[in-house]
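Note that the structure is predicted; figures quoted are calculated from it, not measured.
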Amino acid sequence: MFNKLLISFTAVLFGFMSLGFIKANTTDYVPVPKDSDTRVAYVDRIYQENGKSYMDADFIEWYEGEEANKKFREIEQDPEMTEAPDGYYIVNDDEELKKLEIASDAKVFMQIYDRTGNIEEAGTEWNEEISVEKFISLFSDDSEMNMKDFPYHLTVENDKIVKITQQFIP
């Protein structure tokens, strides 16, 4: 009887510790800092042309926190909902695609993607740096996690993308 009680207590204790870790891990989110060289976009496609990599990007306006709530109230004007769902809000008034070259040495930072081939194992790893080649391969992968569903912060210098940061979406 005492052994069963001890085992049950230990299992519960480890269960709480595990849940605490998961909760702590999800609160490590930090918004991508805004700067004049960085804009947010959905990636329509990535392709090769004359030995260079290109992206067709659909630029959007990304808002989070109180800024998202303010923009949400301004545009939606719904008296039943006064806050942006999930803490973010996207405005896409112009769906025109812009072709941008991806620098071969661009820095790429991902939050979540299918790392193992098993979508059930996909987890958040904050700002995990991957190669441009790996990033491109993720867009050609037919797995259940479609990388086009995420916005990306694109830093552009001299008409080339030099940094790509996947936006985490809760």
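Within the 3.5 Å criterion, the main-chain N or O of Glu121 finds no donor-acceptor partner in the side chain of Arg115. Asp78 places no side-chain N or O within donor-acceptor distance of the main-chain N or O of Thr82, the cut-off being under 3.5 Å. In terms of modelled atom types and a separation under 3.5 Å, the side chain of Asn118 and the main chain of Glu120 share a donor-acceptor contact.
Tyr29 places none of its side-chain heavy atoms less than 4.5 Å from the side chain of Thr124. At least one side-chain heavy atom of Ile130 sits less than 4.5 Å from a side-chain heavy atom of Tyr113. The shortest side-chain heavy-atom distance between Lys99 and Glu49 falls under the 4.5 Å cut-off. Counting heavy atoms from C-beta on, the side chains of Val43 and Met147 never come closer than 4.5 Å. When side chains are defined from C-beta on, Leu97 does not count as touching Arg45, because their heavy atoms never get closer than 4.5 Å. Trp62 places none of its side-chain heavy atoms less than 4.5 Å from the side chain of Lys34.
Under the side chain to side chain donor-acceptor pair (under 3.5 Å) criterion, Glu61 pairs with Tyr63, sequence neighbours left out.
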Set out, in order, the CA-CA distance, both residues' side-chain angles and the distance that settles side chain to side chain contact (heavy atoms under 4.5 Å, CB included) for Lys163 and Thr38, then state yes or no. CA-CA 9 Å; Lys163 183 178 175 186; Thr38 303; over 6 Å; no

For Glu67 and Lys70: C-alpha separation, side-chain torsions, deciding distance, then whether salt bridge (Lys or Arg N to Asp or Glu O under 4.0 Å) applies. CA-CA 5 Å; Glu67 185 181 30; Lys70 181 179 175 188; over 6 Å; no

Side chain to side chain contact (heavy atoms under 4.5 Å, CB included) between His153 and Gln167, worked out: CA-CA 7 Å; His153 297 261; Gln167 174 60 55; 2.6 Å; yes

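Ring pair Tyr152/Phe139 is tilted by interplanar angle, where 30° to 60° counts as tilted.
Within a 6.0 Å radius of CG in Asn158, no more than 12 heavy atoms belonging to other residues, nucleotides or ligands are found.
Across Asp94, Asp44, Asn92, a single residue satisfies side-chain contact (heavy atoms from CB on, under 4.5 Å) together with Asp58, and that is Asn92.
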Name every donor-acceptor pair, under 3.5 Å, that has one atom in a side chain of residues 102-112 and the other anywhere in the protein, sequence neighbours excluded.
| from | atom 1 | to | atom 2 | distance (Å) |
| --- | --- | --- | --- | --- |
| Gln111 | OE1 | Asn127 | N | 2.7 |
| Gln111 | NE2 | Asn127 | OD1 | 3.0 |
| Gln111 | NE2 | Gln166 | O | 3.0 |

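Taken from CD1 in Ile161 to CG in Leu154, the straight-line distance is 5.0 Å, to the nearest 0.5 Å. Remark: Lys52 NZ to Tyr47 OH distance equals 12.5 Å, nearest 0.5 Å.
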